[in-house]
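In listed order, ligands and their atoms are each counted from 1.
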Amino acid sequence: MSRKHELLNLMNIDTSWMKNIPNGKMNLLSFNNLELEAKNCDACSLSNTRNNVVFGKGDQKAKVLIIGEAPGKDEDLSGEPFVGRAGKLLNEILFSMKLSRDNVYITNTVKCRPPENRNPNSDEINSCSRFLDGQISLISPSIIILLGKVAAERLMNTSEPMSFLRGKVHYYKNTDIPMLVFYHPAYLLRSPSEKSKVWDDILLMKSITHGS
Ligand code: SF4
């Protein structure tokens, strides 16, 4: 059984219908359908105030999946994740890991902007979880990077502080997909003294992906 099927089965999703569809085509169809559903979604109140649904961007077959918190003002206006100053800093972090936007996939825990850039609440995160869970299953990444506490709480169901979560290898549900927790670029812009710690995160990422 492929890892993608394992992930879907973990979520109690029947995968038997997939067996006659070539893998690449099925992924593309499912991904496009999921994105279309999100673009028409009104499952939570964030749909009332958004300009655009920010589903995610990048390589749908990426080995590295990056999950942030929620779209901000620039993302809401452009429909793309991590644009503006935080996006530029994320580009620099990716560059340090010999990655670029073309070979990762970037998304958020919720696909619509919370007003005034507040953190998404648990109802909004739960309403949006099927989109994120679907993305993880379809991409079937080799590693997941969680940017900030909101993403870490969502994926790990934990309330531990960032100081406890960073610098360790976690795993996605009961799979062997490693997850790392990095500071969110927006936090680093607000707290420049913490920027040097990103290098430790990058080294940990390199130590895991070395040779892969
Ligand atoms: S945040 Fe997610 S659940 Fe809420 S309206 Fe947007 S796409 Fe739907």
Legend entry - Close-contact set for ligand 1 against Cys44 heavy atoms, below 4.0 Å: 1 (S), 4 (Fe), 5 (S)

Legend entry - Any donor-acceptor N/O pair, Asp76 side chain to Gly72 backbone, under 3.5 Å: no

Inset, instruction - May I have the step-by-step check of salt bridge (Lys or Arg N to Asp or Glu O under 4.0 Å) for Asp133 and Arg154, ending in yes or no? - result: CA-CA 11 Å; Asp133 289 341; Arg154 159 66 178 83; 2.8 Å; yes

Inset, instruction - I would like to know whether Glu35 and Asn32 meet side chain to side chain donor-acceptor pair (under 3.5 Å); could you show each step before the answer? - result: CA-CA 5 Å; Glu35 182 162 8; Asn32 291 346; over 6 Å; no

Legend entry - ligand 1 atoms in contact with Ser127 (distance to a heavy atom under 4.0 Å): 3 (S)

Inset, instruction - Show which atoms of ligand 1 fall inside a sub-4.0 Å distance from at least one heavy-atom site of Cys128. - result: 1 (S), 2 (Fe), 3 (S), 7 (S)

Legend entry - Under 2.8 Å: N/O/S of Cys112 next to atom 6 (Fe) of ligand 1: yes

Legend entry - Pick from Ala38, Cys41, Ser129, Ser47: the one approaching atom 3 (S) of ligand 1 most closely through a non-hydrogen atom: Cys41

Legend entry - Element-labelled atoms of ligand 1 that are located less than 4.0 Å from some non-hydrogen atom of Arg50: 5 (S), 6 (Fe)

Legend entry - Aromatic contact, Phe182 with Tyr187 (centres under 6.0 Å): no

Inset, instruction - For the residue pair Leu147 and Leu90, establish whether any side-chain heavy-atom pair is separated by less than 4.5 Å. - result: yes

